[in-house]
Amino acid sequence: MKIWDVITTANSNLMRNKGRTFLTILAIFIGSFTIIATSGIRTGVNNYIDAQLDSAGGEGYIEIMPEAMRDMAQSQMGFGGGDEPQEYDPKKNSAEMRAINKTDLAKIRKIKGVQSVKPARNVKAEYITSSETDKKFVISPQALPSDRINLDIAKGKDGKPDGRLVSINDPTPEIDLLPGYAKALGFKSDEDAVGKTVKLGVVESATMQVRTVEARVAGVLNKSVINMGRSWINTALEDKILDITYAKMPQSYRDQVYFATAEWDTKLGDKGLEDIKDGLKKLGYIGMTMEDEVGMVKSFFDAIILVFTIFGGIALLAASIGIINTLFMAVQERTREIGLMKAMGLGKGKIFLMFSIEAISLGFWGSAIGVAAAYLAEVIVNPIAADTFLSGLPGFELIKYDITTLALLILLVMLIAFLAGTLPARRASKKDPIEALRYE
Amino acid sequence: MNVIAARGLKKSYGKKSSRFDALRGIDIDIKEGESVAIIGKSGSGKSTLMHLLALLDKPTEGKIGVNGKIASKLKERQVNKLRNQEFGFVFQQFFMNANDSVLSNVILPLKISGISKRERKNRAMEALKTVELDDKAKAKARDLSGGQKQRVCIARALVNNPKVIFADEPTGNLDSTTGEKIEDLLFSLNLNNRITLIIVTHDSDLAARCDRQLHIKDGKIKKDLAKPKASVKKGGRK
């Protein structure tokens, strides 16, 4: 029998019991679809995060925190702490250890490859307002730690960016607004707000009185996961805010910081970065690049995706048992036919091949329909997602496929189906023609 | 010339105490163009003998030669090819794919031998013409009457131009008038196409139409009767 005839015969055999074939394909479809859709979401999310990371730049910039700070955060979150009360250890638990003092800042500065260090001071503001409105809005300002960060500035209708990122060393106090703030503060548009003056209310900690400070709007930011709701300010504005917050208080309060940021020489490459991290570790600090931070989010997300993929895998496993069952039934039903074909000289190998191809076809159709449905889901879900829960994150395509993964998945499912089919196919090929013809 | 020859054929089933000897030493020579009836009661071993001669089963002892080749020395692939090209089969229960068309049922052996699509259709139509069922080529096999079904089966046995047709109770499922027509068809093929006929039957009338009758009892040939000379068909034997 020619191979093409084996294939067409196998496929027309599948059509003999349409209901059974359909149900088997449906089972394979469910497993394949789950795996494809979750991998599509994974690709979509990762693509978005990578794109955000690329646009944010952040090369050559590292965040530093004391190890004691991380330990405390972890034990408060329930990691590692256990139920037992933890014994006080001045080396680990003292407030002094959780802060970064001036000598340590100097030591960090001396680590090879570190170009500058900036303590992240505790900048707080009560509200933001402008002369255009009486309303006040909540704001969480954050000093831009490095001009190596390149945040996403919103683009106006003309396609040009609305303003720019605050310039760190500009003597004029500057702020970048979050989306929506420009209109709330009474400006006509994002573009209109650029260059205008806003007022921030800051509490004087010693007296609890609110005083205001003025700042120039440098630009308007796009929403993004990396931004995390922070309004970035330059050093001049940071100093003005700190002047108010710590007025009438000892300098030591103002100098107490828990985080710092450093710029490092990117020419040293990944190896240099590792050395810097090691150096920080020796001093009792942890260094994290933006990629490291995003990596944590990613690995958490990947774990969720993994769970779904395992579900899909289990569904596929169940489906392959369905294939075995379907084919065993087919072998049983076609016992006489197998006997007849063997009597007429069809070899064992061809019979095995015929049933294997039936299995592979089931796998192919199940996964191909899964791919088609997943594609359809992309076409339908992505625009809906972009209009609803992802509306704040422009450029986020929830589901994204790449063709090689899809093709590989179809091939993999076909392989699984083939393996599942070997048992019944073997039984069919081993049938004794005389016995088979006698079978009632 | 002998198409099929067997020496010292024995076939046993089971082992030791439960051992059953279906055939206990059989020698046969079947000449080209001959028509041979294998007759005997059920359990006599006649079907087992046919299965061995048709190379569907292997003897416990003894040798079978087909066209001068020793079957036990052939590889499985060669045996399959031999069965496909030299033998045709007609069964009592027809064994057709009921949901397929008459034509595709007849095509099956040609498909197995790997003949191109166009040629196999032509040859199948020719075979159907021989059994006068070419007008039913497109009908579903299940819609045919018993006699028509058996004629399709004969067309299927014929389609590969075999040297030998094995027929296992070919008229067993048919009424006597229809059965007679099937017999006529088989013997006309034997006469006109010089196809060797090996018919397993317990119908003595059918057996009487054959050139030779092999009576099997308890796994042995009890009688080997030839037809009286006067009525030997021309071309039946040298």
Side-chain angles (χ1 to χ4, degrees), chain A residues 1-22 326-327 329-358 425-440, chain B residues 11 13 22 47-52 54-58 74-101 104-117 119-120 141 153 156-160 162 165-166 168-169:
Chain A
M1 205 175 216
K2 280 183 186 154
I3 189 78
W4 180 246
D5 284 325
V6 177
I7 294 171
T8 50
T9 310
N11 277 300
S12 68
N13 284 343
L14 277 179
M15 284 299 107
R16 283 201 212 167
N17 199 326
K18 291 192 185 71
R20 196 169 65 199
T21 301
F22 171 75
T326 299
L327 288 187
M329 281 164 79
V331 171
Q332 205 75 0
E333 282 170 5
R334 300 213 296 267
T335 295
R336 282 176 155 204
E337 194 187 323
I338 294 165
L340 181 73
M341 290 197 293
K342 284 192 117 180
M344 286 174 174
L346 190 61
K348 265 187 205 166
K350 291 282 163 63
I351 302 229
F352 182 87
L353 191 66
M354 193 180 286
F355 280 92
S356 292
I357 288 173
E358 282 186 41
R426 217 175 105 86
R427 179 181 283 187
S429 73
K430 291 205 141 187
K431 282 216 182 281
D432 173 24
I434 300 168
E435 287 294 318
L437 284 172
R438 235 181 250 146
Y439 178 85
E440 291 301 322
Chain B
K11 179 77 186 175
Y13 298 101
S47 291
T48 307
L49 178 60
M50 189 204 90
H51 293 149
L52 290 181
L55 306 183
L56 288 171
D57 205 352
K58 283 177 184 149
L74 297 176
K75 287 186 181 131
E76 195 181 304
R77 182 184 292 264
Q78 292 170 303
V79 172
N80 284 338
K81 199 177 170 191
L82 198 83
R83 271 209 311 274
N84 180 262
Q85 297 187 345
E86 310 289 354
F87 296 166
F89 293 94
V90 178
F91 300 96
Q92 180 178 2
Q93 302 95 326
F94 316 131
F95 296 139
M96 299 172 74
N97 295 330
N99 291 324
D100 286 351
S101 71
S104 62
N105 267 288
V106 176
I107 275 175
L108 192 57
L110 299 176
K111 216 180 194 179
I112 289 169
S113 64
I115 285 164
S116 73
K117 239 179 183 168
E119 196 189 339
R120 66 192 186 210
C153 289
R156 186 176 64 189
L158 195 66
V159 77
N160 257 349
I165 287 181
F166 291 92
D168 190 355
E169 302 281 11

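Note that the structure is a prediction, hence the values are computed from the model and not measured. Below, chain A is the first sequence line, B the second, and so on; all start at residue 1.
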Under a 4.5 Å heavy-atom cut-off, does chain A meet the side chain of B/F91, its backbone, both or neither? side chain
Given the options B/L82, B/D100, B/L108, B/N99, which has more heavy-atom pairs under 4.5 Å with chain A than any of the others? B/L108
For A/R16, is the CZ atom crowded, meaning more than 12 foreign heavy atoms sit under 6.0 Å from it? yes
Closest non-hydrogen atoms of B/N97 and A/E337, given as atom of the first, atom of the second and distance, are OD1-CG, 3.2 Å
Does atom CZ of A/R20 have more than 12 heavy-atom neighbours from other groups under 6.0 Å away? yes
Which answer fits A/L346, side chain, backbone, both or neither, if we ask what part of it has an atom under 4.5 Å from a heavy atom of chain B? both
Heavy-atom side-chain proximity of B/R156 to A/L340 below 4.5 angstrom: yes
So A/T9 and B/K111, do their side chains get closer than 4.5 Å, heavy atoms only? yes
Just how far is it from atom CZ of A/R336 to atom CZ of B/F94, taken to the nearest 0.5 Å? 11.0 Å
Atom of A/K342, atom of B/R83 and distance for their closest heavy-atom approach: O-NH2, 2.7 Å
What part of B/F89 gets closer than 4.5 Å to chain A, counting heavy atoms only: side chain, backbone, both or neither? side chain
Tightest non-hydrogen contact, residues B/N80 and A/G347, listed as ND2-CA, 3.4 Å
Rounded distance [0.5 Å steps], CG in B/L56 versus CG in A/L437: 7.5 Å
Quick one: what part of B/S104 sits under 4.5 Å from any heavy atom of chain A, side chain, backbone, both or neither? neither
Please classify the contact between B/I115 and chain A as side chain, backbone, both or neither, with a heavy-atom cut-off of under 4.5 Å. backbone
Heavy-atom pair with the smallest gap, counting every atom of A/I434 and B/D57: CD1-CB, 3.4 Å
Is it the case that atom CZ in A/F22 sees more than 12 heavy atoms from other parts of the structure closer than 6.0 Å? no
Please find the pair of heavy atoms, one from B/N84 and one from A/M344, that lie closest to each other, and give the distance. ND2-O, 2.8 Å
